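The structure appears right after this line, and notes come after that.
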There are 2 protein chains.
Amino acid sequence: MIKFTPAEESYLKAIYHISDEGKRTVSTNDISFQMKTKPASVSDMLRRLGEKEVIEYRKYYGVNITEEGKKLALQTIRKHRLWEVFLVEKLRFSWDEVHEVADELEHVKSKLLIQRLDEYLGFPKFDPHGDPIPDEYGDVRARPRLPLTDLELHATGQIVAVKDSSAAFLKYLDKVGAYIGARIRVMEKVEFDGSVEISVDNKKNIFMSKDVAANVLVML
Amino acid sequence: MIKFTPAEESYLKAIYHISDEGKRTVSTNDISFQMKTKPASVSDMLRRLGEKEVIEYRKYYGVNITEEGKKLALQTIRKHRLWEVFLVEKLRFSWDEVHEVADELEHVKSKLLIQRLDEYLGFPKFDPHGDPIPDEYGDVRARPRLPLTDLELHATGQIVAVKDSSAAFLKYLDKVGAYIGARIRVMEKVEFDGSVEISVDNKKNIFMSKDVAANVLVML
DNA sequence: TTTATAATTTAGATATATCTAAATTTAAAT
DNA sequence: ATTTAAATTTAGATATATCTAAATTATAAA
């Protein structure tokens, strides 16, 4: 069994996430931006990940994640999201405080630990941001979801996830009263700027700019 | 604030534990043995820990831990033992399975995490091996304890900790029916080999060699 | 199509953490 | 008091993970 360092796991996770956004090949610069490291450091890491065959690396072209790589990335993502559930549900963290800590916890190496944690949390299927938790084998059952901007006037739905999960964005959503699981209805769609007004749980009304709404994912 | 790497924290913890066994200066070889690294690696680490002023390092002579170093070591020990409680009480780990995992978890850097974990566990004062958990400031209230070999014939006590907490030893104790918290009584002391026979909870009787009994710590 | 710009890689540096082999110092034995 | 043995340190090597600066390749613009 090939071993992977925490840094390798983190890079692979980043590559998986960028691939998942639709791009078939991932560029050095994209990874550099995501990982907050310099492109030179990325090149070096890509060479090593290529040698370990979790990515296909062609110099100057970009990388594609292999099946083996996907499996590994999903295992790390599974750990990350299970820890997030633990932090929020058991330790009363708010959903914008969990990222950094989960980024460390996800690298703790113990199969038993993750199995037991999963069991202890009641085999959750989604993390506090609404993202699906892969199973032991890397399978993900994602609910079909679309950005809030795609909802028609008067349509109803449930907020299930956010695209941009930066602390700032999560804080903002919390402040205005939007949260994962909220039942919403589109009350108004402003054509010229793409902004929307929604009601949350048939009570509070919220205005959202196009940019914000595009980052809120809804399940019908 | 000076930063410390996981390796530095581990070495410092080892040095603290060895100092705590009564030795005033700790030798390179002792640390090498405890950390399962070569003496050459230890020398290098001691130089760095010396520069960071958590130990006093005099070449060829050995090291003494400073007050600053003690505080840091106790913080790491606090984290380690809190995680052990979590693993045993919440995730149903047995007390001989927790060491390795806790050795990784103890290096996760988040003050909030440890505060909340402590609270979640009900502010435990002892870990599953019976060792005291230092508070946020590094204060430890240790119960007076002595090796089982020091108990007189017919004396009673309670098993509160073990000296040797290797997985093999803990497994053995579990197997024969000894556990932290067990109420015991010395039924027989064999002079010529130092072995003892004890009763556990006024029921089962157990024979223990001198070597084993010396590693079982008892509170009267 | 040549050229300028952007993206990427290489080369060389630093820092951590480990090792082996050789050198050095301290402690023990004769 | 020498000599020998043990403990310790130094020197030099390897591996990870990062950086800056320079070189290279690919892409976009004129």
Side-chain angles (χ1 to χ4, degrees), chain A residues 1-15 18-19 23-65 69 72 76 100 103-104 106-109, chain B residues 1-15 18-19 23-65 69 72 76 100 103-104 106-109:
Chain A
M1 188 60 106
I2 311 167
K3 275 177 195 168
F4 290 85
T5 66
E8 286 169 342
E9 287 178 352
S10 293
Y11 271 93
L12 198 58
K13 197 172 64 133
I15 293 166
I18 299 167
S19 312
K23 299 181 183 177
R24 58 198 179 299
T25 61
V26 177
S27 76
T28 299
N29 257 5
D30 288 346
I31 300 166
S32 157
F33 177 78
Q34 182 98 0
M35 293 297 294
K36 301 187 213 300
T37 54
K38 300 293 161 184
S41 311
V42 175
S43 289
D44 208 61
M45 180 57 88
L46 294 185
R47 188 184 44 70
R48 294 209 299 274
L49 290 177
E51 279 166 12
K52 291 190 173 180
E53 299 187 330
V54 287
I55 59 169
E56 245 190 290
Y57 175 41
R58 277 141 42 200
K59 284 197 281 197
Y60 295 103
Y61 270 86
V63 295
N64 290 96
I65 194 161
L72 228 121
T76 308
E100 270 181 280
D103 269 342
E104 285 193 61
E106 75 188 11
H107 301 297
V108 175
K109 277 161 185 44
Chain B
M1 188 58 108
I2 312 167
K3 276 177 193 166
F4 290 85
T5 66
E8 286 169 342
E9 286 178 353
S10 293
Y11 271 92
L12 198 58
K13 197 172 63 134
I15 293 166
I18 299 167
S19 313
K23 299 180 183 178
R24 55 195 181 299
T25 62
V26 178
S27 77
T28 299
N29 258 5
D30 287 347
I31 300 167
S32 158
F33 177 79
Q34 181 97 0
M35 293 296 295
K36 302 189 212 303
T37 54
K38 300 293 162 186
S41 311
V42 175
S43 289
D44 209 59
M45 179 57 87
L46 294 184
R47 188 184 43 72
R48 295 208 300 275
L49 290 177
E51 280 166 12
K52 291 190 172 180
E53 299 188 330
V54 286
I55 59 169
E56 246 188 289
Y57 175 41
R58 279 171 302 163
K59 285 198 281 196
Y60 295 103
Y61 188 79
V63 296
N64 291 95
I65 195 162
L72 230 121
T76 308
E100 269 180 279
D103 269 342
E104 285 193 61
E106 76 188 12
H107 301 297
V108 175
K109 277 161 185 43

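Below, all heavy atoms of this structure are taken into account, side chains as well, without hydrogens, waters or symmetry copies. All values reported here derive from a predicted model rather than from experimental measurement. Numbers restart at 1 for each chain; the letters A, B, ... are given by sequence-line order, proteins then strands.
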Partner residues of [X] under the side chain to side chain contact (heavy atoms under 4.5 Å, CB included) criterion, sequence neighbours left out:
| X | answer |
| --- | --- |
| P6(A) | H107(A) |
| T37(A) | Y11(A), M35(A), S41(A), V42(A) |
| A40(A) | none |

Check each residue of residues 1-13 of chain A for a non-hydrogen atom within less than 4.0 Å of any atom in DNA chain C, then write out the ones that pass by number, or none. none
Kindly write out the residues that satisfy salt bridge (Lys or Arg N to Asp or Glu O under 4.0 Å) with [X], not counting sequence neighbours, or none if the list is empty.
| X | value |
| --- | --- |
| D30(A) | K23(A) |
| R58(B) | none |
| K52(A) | E8(A) |
| E104(A) | none |

N/O-N/O pairs, protein side and nucleotides 4-8 of chain C side, under 3.5 Å:
{"unit_1": "dT8(C)", "atom_1": "OP2", "unit_2": "N29(A)", "atom_2": "N", "d": "2.8"}

With sequence neighbours excluded, what pairs up with N64(B) under the side-chain hydrogen bond (donor to acceptor under 3.5 Å, both in side chains) test? none
With sequence neighbours excluded, what pairs up with K59(B) under the side-chain hydrogen bond (donor to acceptor under 3.5 Å, both in side chains) test? none
To the nearest 0.5 angstrom, please state how far the CG atom of L49(A) sits from the CD1 atom of I65(A). 9.0 Å
Under 4.0 Å, heavy atoms only, any strand: does S41(B) hit a base, just the sugar-phosphate, or nothing? base
Going 5' to 3' along DNA chain D, which are the first and last nucleotides with any atom under 4.0 Å from a heavy atom of chain A? dT16(D) to dA26(D)
